[in-house]
Asks: 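Shown below is the structure under consideration.
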Protein chains: 2
Amino acid sequence: MSIETDIKQKKFRSPYQKLALNLVYTTKWLEYKQLESFKEHDITPQQYNVLRILRGQQGNPIKVSDITERMLDKSSNTSRLVDKLLAKNLAKRTSCESDRRAVDVVITEEGLELLKVLDPFIEDWENRFNIISEAEAEQISALLDKLRENED
Amino acid sequence: MSIETDIKQKKFRSPYQKLALNLVYTTKWLEYKQLESFKEHDITPQQYNVLRILRGQQGNPIKVSDITERMLDKSSNTSRLVDKLLAKNLAKRTSCESDRRAVDVVITEEGLELLKVLDPFIEDWENRFNIISEAEAEQISALLDKLRENED
DNA sequence: ATACATTTAATGTAGAAACATTTATTGGCA
DNA sequence: TGCCAATAAATGTTTCTACATTAAATGTAT
């Protein structure tokens with residue numbers, strides 16, 4: 001369905017306004033859809049994001065501040081997110097030898113297993129994007145990168 | 001900056017995964033940037049969204065449920081959002097004659113004035129999108145619409 | 001070495017979001 | 001008409017977010 005129909009707005013100030021609204025609307029739509037899979041496993045999108053980053057480390061520990069750097073939402077409180085993962089035995093926390101201010105985090109076996117269960121759902125969602133071509137996907141990505149260049 | 005650099009991930013499973021992450025990341029970036037303008041005027045993005053919808057009515061009252069239908073985030077609690085606008089004298093609420101369950105909402109002069117102050121900031125943001133062409137913006141919008149077609 | 005700014009993580013707090021439930025009204029229909 | 005499901009909005013509650021503050025460790029300059 002077109003954004004015009006979805007938010008019942010017939011006209012936009014410019015193609016740029018329309019794109020801005022469409023970006024926000026489509027992302028909320030995507031997050032809402034993915035949320036359904038996450039809820040079943042008692043995990044939030046942000047906790048999932050941290051778990052994915054931990055798995056990407058392939059066994060190597062990673063500091064809390066480095067997790068934040070890699071997150072999609074950099075304003076999130078990584079400390080508390082790690083707390084939640086800890087409480088569910090999805091991650092473990094050890095003090096960092098080289099810098100005693102820092103805290104090293106590693107994913108547990110249980111965390112890896114949860115990701116293995118979630119993987120097919122997420123991949124399924126991503127694959128539905130193939131309603132557009134790979135080239136088109138790459139092109140949108142490139143344009144999004146370009147939009148963000150315009151820093152202030 | 002490329003999404004690869006921003007979230008420090010070198011490889012993606014597919015262009016579709018990359019696009020999914022880029023959509024979420026770029027929208028968070030955009031929301032965060034706009035938040036700065038909103039905060040100065042003690043308003044949240046969702047309250048702004050409601051105000052814009054109210055202004056779009058051009059003086060005609062609109063029911064709470066119809067506001068929800070037009071919002072970018074349809075899962076939001078419109079009742080409480082309207083409460084906040086009321087408390088700040090940005091909107092008024094009158095009971096609907098034809099259906100006493102419903103509540104009619106109208107923007108106030110003060111609300112219109114606040115939007116007038118915010119307009120240039122928002123337009124400025126949207127105009128920065130002209131780093132890409134109008135045609136490209138339309139094209140991305142069309143592709144985003146296409147992505148959402150894939151309902152479940 | 002000491003003082004002071006910086007970095008890292010954790011915590012306190014107010015406000016907002018998410019989700020279910022409640023209350024009032026309406027519409028349909030037996 | 002009377003009953004019941006459906007709808008509209010408000011409210012209760014728990015959790016999360018945003019933001020500031022704190023506390024400990026480190027780096028740096030004098």
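The chains referred to below are lettered A, B, ... by the order of the sequence lines, with proteins before strands, and numbering in each begins at 1.
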Asks: Which residue lies toward the 5' end of DNA chain C, B/Thr44 or A/Asp99, if each is placed at its nearest nucleotide?
Replies: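 The residue whose closest nucleotide sits nearer the 5' end is A/Asp99.
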Asks: Just to be sure I understand the rule, does A/Thr78 reach a base, reach only the sugar-phosphate, or reach nothing, if contact means heavy atoms closer than 4.0 Å?
Replies: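 Here A/Thr78 touches no strand at all.
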Asks: Name the residue closer to the 5' end of DNA chain D, choosing between A/Arg80 and B/Asp66 according to the nucleotide with the nearest heavy atom.
Replies: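 It is B/Asp66 whose nearest nucleotide is closer to the 5' end.
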Asks: At under 4.0 Å, does any side-chain N or O of B/Ser76 touch on OP1 or OP2 of C/dA18?
Replies: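 Checking B/Ser76 against C/dA18: no side-chain N or O falls below 4.0 Å of OP1 or OP2.
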Asks: Members other than A/Phe38 in its cluster, when Ile, Leu, Val, Met, Phe, Trp, Tyr link by side-chain heavy atoms under 4.5 Å?
Replies: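 Result for A/Phe38 is A/Ile43, A/Tyr48, A/Val50, A/Leu51, A/Ile53, A/Leu54, A/Ile62, A/Val64, A/Ile67, A/Met71, A/Leu81, A/Val82, A/Leu85, A/Leu86, A/Leu90, A/Val103, A/Val105, A/Ile107, A/Leu112, A/Leu114, A/Leu115, A/Leu118, A/Ile122.
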Asks: On the nucleotide C/dA9, are OP1 or OP2 found under 4.0 Å from the side-chain N or O atoms that A/Lys63 carries?
Replies: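 Checking A/Lys63 against C/dA9: no side-chain N or O falls below 4.0 Å of OP1 or OP2.
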Asks: Whether B/Ser79 contacts D/dA10 is assessed here as follows: a side-chain N or O lying under 4.0 Å from the phosphate OP1 or OP2. Is that the case?
Replies: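 Yes, because at least one side-chain N or O of B/Ser79 sits under 4.0 Å from OP1 or OP2 of D/dA10.
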Asks: Would you say a side-chain N or O of B/Lys84 is under 4.0 Å from OP1 or OP2 of C/dG15?
Replies: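 For C/dG15, neither OP1 nor OP2 has a side-chain N or O of B/Lys84 closer than 4.0 Å.
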Asks: State whether the distance check finds a donor on one side and an acceptor on the other, under 3.5 Å, for side chain B/Asn77 versus base D/dT11.
Replies: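 Pair found.
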Asks: Below the 4.0 Å mark, does C/dT26 have OP1 or OP2 next to a side-chain nitrogen or oxygen of B/Arg100?
Replies: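 Yes, such a contact exists.
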Asks: Does D/dC19 have OP1 or OP2 sitting under 4.0 Å from an N or O in the side chain of B/Lys39?
Replies: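 Yes, such a contact exists.
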Asks: Below the 4.0 Å mark, does C/dA17 have OP1 or OP2 next to a side-chain nitrogen or oxygen of B/Gln46?
Replies: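 Affirmative; the distance criterion is met.
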Asks: Can you establish whether the number of heavy atoms outside A/Lys74 located under 6.0 Å from its atom NZ is more than 12?
Replies: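 Yes.
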Asks: Any Lys/Arg nitrogen of B/Asp42 or B/Lys39 sitting under 4.0 Å from an Asp/Glu carboxylate oxygen of the other?
Replies: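 Salt bridge between B/Asp42 and B/Lys39, a charged N being under 4.0 Å from a carboxylate O: no.
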Asks: Would you please confirm or rule out a distance under 4.0 Å between OP1 or OP2 of C/dA10 and any side-chain N or O of A/Arg93?
Replies: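 Looking at the OP1 and OP2 atoms of C/dA10, one of them is under 4.0 Å from a side-chain N or O of A/Arg93.
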Asks: Using a strict 4.0 Å threshold on nitrogen-to-oxygen distance, state whether B/Arg55 and B/Asp119 make a salt bridge.
Replies: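 Yes.
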Asks: What is the separation between atom CG on B/Leu81 and atom P on C/dG15, rounded to the nearest whole Å?
Replies: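 One finds 16 Å between P of C/dG15 and CG of B/Leu81, rounded.
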Asks: Could you tell me how far apart B/Asp42 (CG) and C/dG15 (P) are, to the nearest whole angstrom?
Replies: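 For the pair B/Asp42 CG and C/dG15 P, the rounded distance is 10 Å.
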